[in-house]
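These notes concern the structure reproduced below.
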Amino acid sequence: MKLPPLPLVVIAGIVLDQAIKWLVETRLVFEELVQVLPFLGLYRTWNFGIAFSKFSHLGPLALIVMTVLIVAFVGWLWSRADMEKRYARLGFALIVSGAIGNLIDRVFFGHVIDYILFHTPVWSFAVFNLADTLISFGAFFILVQEFADWRSSRQRVSGG
């Protein structure tokens with residue numbers, strides 16, 4: 001499978017994330033559920049922390065600095081990844097894309113715009129956004145690459 005150029009993946013992720021957030025901010029009522037499917041809704045809210053509202057007590061400036069450091073670290077890992085590690089490199093690109101999308105929110109608004117809610121009548125998951133999804137899929141692709149590399153190295157060692 002041929003992957004698209006990864007800088008384009010980063011740019012497309014950021015643009016799509018910001019476009020959706022603009023639509024959410026301009027079209028959805030704040031903290032009012034719009035049911036899409038029985039288990040999926042749109043719910044515009046603001047996250048003043050990181051995942052699951054963690055670290056909200058640190059304030060926006062500290063979270064901006066933390067995010068910049070994380071993006072720099074992931075970018076460094078990405079730059080060191082072998083070219084044949086396509087899934088890991090895609091994963092790093094997705095993580096950078098999502099992190100920058102949320103960083104833009106923090107810089108301009110002091111919070112992240114969230115809007116996706118998975119729920120049942122008795123349970124609900126944290127509200128999240130496309131940028132969070134890009135970060136999660138990025139981590140998944142890195143794990144897939146690591147598992148494939150581990151499996152390949154085990155086969156080489158065992159002579160298979």
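Only a predicted model underlies this, so the values are computations on that prediction, with no experimental measurement involved.
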Could you list the donor-acceptor pairs under 3.5 angstrom formed by side chains in residues 121-129, with sequence neighbours left out?
| from | atom 1 | to | atom 2 | distance (Å) |
| --- | --- | --- | --- | --- |
| N129 | OD1 | A131 | N | 2.9 |
| N129 | OD1 | D132 | N | 2.8 |
| N129 | ND2 | N102 | OD1 | 3.1 |
| N129 | ND2 | I113 | O | 3.0 |
| N129 | ND2 | D114 | OD1 | 2.8 |

Under 3.5 Å, which donor-acceptor pairs do the side chains of residues 90-99 form with other protein atoms, sequence neighbours left out?
| from | atom 1 | to | atom 2 | distance (Å) |
| --- | --- | --- | --- | --- |
| S97 | OG | V10 | O | 3.2 |
| S97 | OG | I14 | N | 3.3 |

Can you give me every donor-acceptor pair (side chain of residues 67-80, partner residue at least two apart or in another chain, under 3.5 Å) with its distance?
| from | atom 1 | to | atom 2 | distance (Å) |
| --- | --- | --- | --- | --- |
| T67 | OG1 | L63 | O | 2.7 |
| S79 | OG | W76 | O | 2.7 |

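Applying the ring-ring contact (aromatic ring centres under 6.0 Å, His included) definition to pairs two or more places apart or across chains, those involving residues 22-46 are F30-W46, W46-H111. Note on residues 19-41: pairs passing salt bridge (Lys or Arg N to Asp or Glu O under 4.0 Å), not counting sequence neighbours, are D17-K21, K21-D105, E25-R44. Listed by first then second residue, pairs satisfying salt bridge (Lys or Arg N to Asp or Glu O under 4.0 Å) with a partner in residues 53-70 number zero, not counting sequence neighbours.
The closest donor-acceptor contact from the side chain of R151 to the backbone of E146 lies at 3.5 Å or more, if one exists at all.
Of the inter-residue distances, the one linking L8 atom CG with L6 atom CG reads 9.0 Å to the nearest 0.5 angstrom. Here I135 contributes atom CD1 and L130 contributes atom CG; the two are 10.0 Å apart, rounded to the nearest 0.5 Å. To the nearest 0.5 Å, the span separating CE on M66 from CG on L58 amounts to 5.0 Å. Here the straight-line distance linking atom CD of Q35 with atom CG of L117 works out to 8.0 Å at 0.5 Å rounding.
By the rule that hydrophobic residues join a cluster once side-chain heavy atoms approach within less than 4.5 Å of another member, L37 and V24 end up as members of one cluster. F108 and V112 are not part of a single hydrophobic cluster, where members link through side-chain heavy atoms under 4.5 Å apart. Note on V15 and L103: separate hydrophobic clusters, where clusters join Ile, Leu, Val, Met, Phe, Trp and Tyr whose side-chain heavy atoms are under 4.5 Å apart, directly or indirectly. The hydrophobic cluster containing I100 also contains F109, counting ILVMFWY residues as joined when their side-chain heavy atoms lie under 4.5 angstrom apart, directly or transitively.
Annotation: side chain of L143 is not in contact with side chain of Y87 (no heavy-atom distance under 4.5 Å). Side-chain atoms of L40 and I116, non-hydrogen and from C-beta on, do get closer than 4.5 Å to each other.
When the shell of 6.0 Å around CZ of F48 is examined, it contains more than 12 heavy atoms from other residues, nucleotides or ligands.
For R106 against I50, the heavy-atom pair with the smallest separation is NH2-CA, 3.8 Å.
Using the six-membered ring where Trp is involved, F137 and F140 have ring planes that are perpendicular, over 60° apart on the 30 and 60° scheme.
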Decide side chain to side chain contact (heavy atoms under 4.5 Å, CB included) for V36 and L42; before the verdict, give the C-alpha distance in whole Å, the side-chain angles of both, and the deciding distance to 0.1 Å.
CA-CA 7 Å; V36 177; L42 298 175; 3.8 Å; yes
